[in-house]
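Remarks on the structure that follows.
This one's a predicted model, so the numbers in the text were calculated from it and none came from an experiment.
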Amino acid sequence: MKGKKSKEPISIKKYIPSEVEGKWQKIWKKERLYSPDIRGAKKPFYNLWMFPYPSAEGLHAGHAFASTGSDIYGRFMRMQGKDVFQPIGYDSFGIHSENYALKIKQKPQEVVERTTKHYEEQMRSLGHGYDWTRTVTTSSPDYYRWTQWLFLKMWKAGLAYKKKASVNFCPSCKTVLADEQVIDGKCERCQSIVGKKELEQWFFKITNYADRLLEGLDRIDWSKRVVIAQRNWIGKSEGMKIKFRTEDGKNLEVFTTRPDTLNAVTFLATSKFYEEGSKEKIGKFSGNYAIDPLSDRKLPIWDTNYVAPDYGTGIIMGVPAHDERDMEFAKKYHLDIVKKEPDETLWEKIEREGWGKKHTNYHLHDWLVSRQRYWGAPIPMIDCPKCGWQPVPEGDLPVLLLNISDYVPEGTGKGPLANHEEFYKVKCPNCKGEAIRETDVMDTFVDSSWYYLRYPSVNVNSNFELPWNPEVTRRWLPVDLYFGGAEHSVLHLMYARFVTMVLHDLKYLDFDEPFPKFYAHGLMIKDGAKMSKSRGNVVNPEDYINKFGADALRLYLAFIGPMDASPDFRDTGIEGMYRFMGRVWRLYQNHPTTPTLRGVGENQILTKMHQTIKKVTEDIQAFRYNTAIAAIMEYVNLLTEIVKSEKGVTGSAEKVKSLETLALLLAPFAPHLAEEVWVEVLGQPFSIHTSSWPKYDSNILQVDQVEIIIQVNGKLRGQLVVDSEQSKSGQVIEKLARQDERVSKWLEGKVKNVIFVPGKVINFVL
């Protein structure tokens, strides 16, 4: 498709987003602009946004903020000459989607089918460059077949097991939760207080990979806060387990990272009254004493609320002289405080005397993956009274989820599938005797732990019995840039790393880190709180697209603040961005390839153009989209002041170049407007999004010139570009400013005062 230069001047009074955006979205789809050659791409770049839960009727502005941030970078890299693959899909299994279905009393299948269609319509309307030919939906049998395959690989590798354990149980969601899904003692989804239940559950041995997960953090380029969160969650502590004998002859094991402070211990503290997040240290004397192995002192044993039961043995040494929490507790209950310097020789003495031994403790526990719900991938295991647990043969996958009407969870420790004999009564694959199929389903985080591997191989013919095509996987993976939320630091991001390491060790992948580069975006807020459907403060992006257009919304979302911050959504900002787009549009009207520049405007524009290219390029690379747009605005301001379009006047190559450059710089942020002016006004070949990103000339940047802003009563009325020496002289600048015809017409009244800031601005006060 070729652009055509208009022979006659264009005269469009107003930019109409709905006409322009709908037009180009259809053309992009027809031309398959965003579907790269998966098998033959020479410069592959896998740009991935963390896919959404279809947990309500549509996306909100918080989703649009994050997805637009990812799309901007993908468009930038495409213009850098990369073959960008930017897929999209739906994390459609799990509590998030199911709870919404329960709320509106519809089957999850029906809800997901409807909501995913709406999600697609919304994301297409935003102008995102997704490859819609390779969509993934985790609740589709052709996907969860492979999630079940993954479970079987874990089982055969000895990394999946079932055991009875005290597990987290949400009374509202009526299911168990992994440790990572409990935030400050509450369910991460519904905020209900989580209790404990003794149940038999399926686990993955993520603890086997604790050290690998820690070591890998040194090799990946991730947002700092996410790396810190993962290190803290894994919580590796080097120390010792020390034996304390109680007065009644029992032995207590205490874990400590500071054996060198054994000489200053004054009490032992247990986790009996543990309260997650408790601020005030509370305790009760148990009535028992332990004997200090070093000095035979009697140490009172206190049951407390500040020792986590999963930290070491759940009992710690109280050493007030060397620990703030212990000091606070000791002062409150008037316990002894022994002020002795740490003794490094105690490490060897404790081990030599047999009082204890070195031990490494981890906060990380094995990943609990079973759920007593309906909406999830059935766990492909069969319980035989003769053979024990047996895996479903791979050839029998997928184990299909029954389409049932009684899908509401009961909270009995069993999922709804346990009420259906047609599902759970089966033959043992080993002895062919009567057996029982597992009725729990997998947690949604199992589905999302490997989805990034599936995308490139969707619709790729393959004879391999794998979820992905090995040749395609080698070409595109690992992911070049992963863009998502920091709230998944120890959930999805931890699990995906673990699963990738396992698949690498099983020789299915030649890399062991899925996302070498991860950027954590912030969370948009509205009315001072995180934007979420559960809070009822969501903003529907459709309302703003219909009123102002997708490009105005995209620009606003990118300009509202740093991508890793928590910007507050406000209507007035979008209105301002819509007006800015109108200013840009007017620059290109009346055949803007023929501008006339006044005075030194051409050189001024040239310098500013190269400065802007440099600024925008570096800011996009650093995800500083807000400052990149600010630089473009400055460039537009200068062009607006200097460029005057005149019918029939031919402009120089540099003059035309200034407007071509503006379109290119705008393309990642406002793709529709940029495409329209590129093809229909500037007459360039389709598409701007596959055109080369502009390059700046460092020699031009080094010109010893300074731009002076000219104001009249504080309002911008012009600019001067002078050498650095001239920029320091108020007399010179005032004389040049008065001679500028753009300014002189505003100085007809009496000038009361002239305010000059050397090298920056001159302001005439009338």
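Using a cut-off of 4.0 Å between Lys/Arg side-chain N and Asp/Glu carboxylate O, Lys26 and Glu21 are scored as not salt-bridged. Using a 4.0 Å cut-off between a side-chain N of Lys or Arg and a carboxylate O of Asp or Glu, Arg78 and Asp71 do not qualify as a salt bridge. A salt bridge does not link Lys547 with Asp571: none of the charged nitrogens is closer than 4.0 Å to a carboxylate oxygen. The existence of a salt bridge linking Arg225 and Asp564 is excluded, since no basic side-chain nitrogen approaches an acidic carboxylate oxygen closer than 4.0 Å. With respect to Lys614 and Glu618, a salt bridge is recorded, a charged nitrogen being found less than 4.0 Å from a carboxylate O. Salt-bridge formation is detected for the pair Arg124/Glu120: a Lys NZ or Arg NE/NH1/NH2 atom is positioned less than 4.0 Å from an Asp or Glu carboxylate oxygen.
In this model, a donor atom of one side chain and an acceptor atom of the other lie less than 3.5 Å apart for Ser687 and Glu675. If you check the side chains of His128 and Ser67, you find a donor sitting under 3.5 Å from an acceptor. Between the side chains of His63 and Gln122, no donor-acceptor pair of N or O atoms lies under 3.5 Å. With no hydrogens or angles considered, a side-chain donor-acceptor pair links Trp693 and Thr617 at under 3.5 Å. Judged purely by distance below 3.5 Å, without hydrogens or angles, the side chains of Tyr209 and Asp505 pair a donor atom with an acceptor atom.
In this structure, Pro694 and Ile613 approach most closely via the heavy-atom pair O-CG2, 3.4 Å. Annotation for Tyr130 and Tyr34: closest pair O-CB, 3.6 Å, computed over non-hydrogen atoms. Taking all atoms of both residues into account, the shortest heavy-atom contact from Asp37 to Trp476 is O-CZ2, 4.0 Å. Among all heavy-atom pairs drawn from Thr138 and Asp91, the shortest one is OG1-C, 3.6 Å. Closest approach of Lys526 and Asp568 over heavy atoms only: CA-OD1, 3.6 Å. Considering every non-hydrogen atom in both Ala663 and Tyr588, the closest pair reads N-OH, 3.3 Å.
Between Tyr90 and Phe51, a ring centre-to-centre spacing not shorter than 6.0 Å is recorded. Less than 6.0 angstrom separates the ring centroid of Phe483 from the ring centroid of His521. Here Tyr46 and Tyr452 keep their ring centres 6.0 angstrom or further from each other. Checked against the 6.0 Å centroid threshold, Tyr508 and Trp149 count as a close aromatic pair. When ring centroids are compared, His610 and Tyr696 stay outside the 6.0 Å threshold. Separation of the Tyr544 and Phe569 ring centroids falls under the 6.0 Å cut-off.
Applying the salt bridge (Lys or Arg N to Asp or Glu O under 4.0 Å) test to every pair with at least one member in residues 486-501, sequence neighbours left out, gives these pairs: Arg497-Glu513.
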Passes side-chain contact (heavy atoms from CB on, under 4.5 Å), Lys517 versus Tyr482? Steps please.
-> CA-CA 6 Å; Lys517 184 175 180 62; Tyr482 197 26; over 6 Å; no
Where do Trp146 and Trp450 land on the side-chain contact (heavy atoms from CB on, under 4.5 Å) test, with the steps shown first?
-> CA-CA 9 Å; Trp146 296 110; Trp450 71 277; 3.4 Å; yes
side-chain contact (heavy atoms from CB on, under 4.5 Å) assessment of Arg39 paired with Asn469 | CA-CA 10 Å; Arg39 288 188 180 274; Asn469 179 290; 3.8 Å; yes
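A distance of 5.5 Å separates CG in Leu217 from CD1 in Ile234, rounded to the nearest 0.5 Å. For the atom pair CZ of Arg75 and OG of Ser70, the computed distance is 11.0 Å after rounding to the nearest 0.5 Å.
Counting non-hydrogen atoms of neighbouring residues, nucleotides and ligands closer than 6.0 angstrom, the CZ atom of Arg32 reaches no more than 12 such neighbours.
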Name the atoms and distances for all side-chain donor-acceptor pairs under 3.5 Å in residues 625-636, with sequence neighbours left out.
unit_1: Tyr625; atom_1: OH; unit_2: Gly69; atom_2: O; d: 2.9
unit_1: Thr627; atom_1: OG1; unit_2: Asp619; atom_2: OD2; d: 2.8
unit_1: Thr627; atom_1: OG1; unit_2: Arg624; atom_2: O; d: 3.0
unit_1: Glu634; atom_1: OE1; unit_2: Lys608; atom_2: NZ; d: 3.0
unit_1: Tyr635; atom_1: OH; unit_2: Ser658; atom_2: O; d: 2.8

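With sequence neighbours excluded, no residue forms a salt bridge (charged side-chain N to carboxylate O under 4.0 Å, His left out) with Arg583.
With Phe669 as the partner, the side-chain contact (heavy atoms from CB on, under 4.5 Å) test is satisfied by one option alone out of Thr68, Asp551, Leu555: Leu555.
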